[in-house]
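Data block below; observations after.
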Amino acid sequence: MNPVKPVSRKTAEHYNWGAQCDGWHLVKDAKLSVIEEQMPPGTFEMLHHHGQAQQFFYMLSGEAVMEANGQLIRISTGEGVRIPPGVRHQIKNATNQPIRFLAISEPPSHADRIEDGAQK
């Protein structure tokens, strides 16, 4: 059993995605993924869905727009949205400030990602 210890962006595995976006794996195991992500102004991810994974996006700072099955949902600091498996979605930063959020997936979603089309 692994010891219990604090984790932060300084100690977590870092990766880049999309157009200058960052992610830090705060929790990365076979059953759960917790990633802190940061998106610069005007960035967005590809429209996609997951066959098995459910996700919860929680805004740490800023405001994002989540498209989920064609519906646009604004998520502000201190708010979150659950995305069930099979729901086509993409997160966008339509503001002029960076945004930070947690992307929590159960089970982890990276190997379960199915692209649905062009970026919007």
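Remember, it's a predicted structure, so these values are computed and weren't measured experimentally.
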Considering non-hydrogen atoms only, spot the tightest contact between [X] and [Y] and give its length.
X	Y	value
Ala12	His25	CB-O, 3.2 Å
His48	Met46	ND1-O, 2.8 Å
Glu45	Arg113	OE1-NH1, 3.5 Å
Gly51	Pro85	O-CB, 3.8 Å
Ile104	Leu32	CG2-CD1, 4.0 Å
Ala30	Pro108	O-CD, 3.3 Å

Cluster question for you: counting only ILVMFWY and a side-chain heavy-atom cut-off of under 4.5 Å, with indirect links fine, are [X] and [Y] together?
X	Y	result
Tyr15	Phe57	yes
Leu60	Met39	no
Ile99	Trp24	no
Ile83	Ile75	yes
Leu47	Val87	no

When you compare the side chain of [Y] with that of [X], does any pair of heavy atoms fall below 4.5 Å?
X	Y	result
Val7	Val27	no
Pro40	Cys21	yes
Trp17	Glu37	yes
Arg100	Arg9	yes
Asn16	Asp22	yes
Met59	Glu79	no
Asn69	Gln71	no

* Determine, for Lys28 against Glu13, whether the closest basic-nitrogen to carboxylate-oxygen distance falls under 4.0 angstrom. => yes

* Structure fact -> To the nearest 0.5 Å, atom CD1 of Ile35 lies from atom NE2 of His14 at 11.5 Å

* To do: Hey, could you give me the CD1/CE distance between Ile91 and Met66, rounded to the nearest 0.5 Å?
  => 4.0 Å

Under a plain distance cut-off of 3.5 Å, with no hydrogens placed, do [Y] and [X] share a side-chain donor-acceptor pair?
X	Y	answer
Glu63	Ser76	yes
Glu106	Gln54	yes
Gln55	His89	yes

* Look at the side chain of Thr77 and the backbone N and O of Gly62, then say whether any donor-acceptor pair between them is shorter than 3.5 Å. =>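 Confirmed, Thr77 side chain pairs with Gly62 backbone.
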
* **Check: Pro107 main-chain N/O paired with Ser105 side-chain donor or acceptor under 3.5 Å** => no

* How would you list, by chain and number, every residue that makes a side chain to side chain contact (heavy atoms under 4.5 Å, CB included) with His49, sequence neighbours excluded? -> Arg88, Ile114, Asp116

* Asked: Would you call the rings of Tyr58 and Phe56 parallel, tilted or perpendicular if under 30° counts as parallel and over 60° as perpendicular?
  -> parallel

* **Hydrophobic cluster of Leu72, others only, ordered by chain and residue number, side-chain cut-off 4.5 Å** => Val65

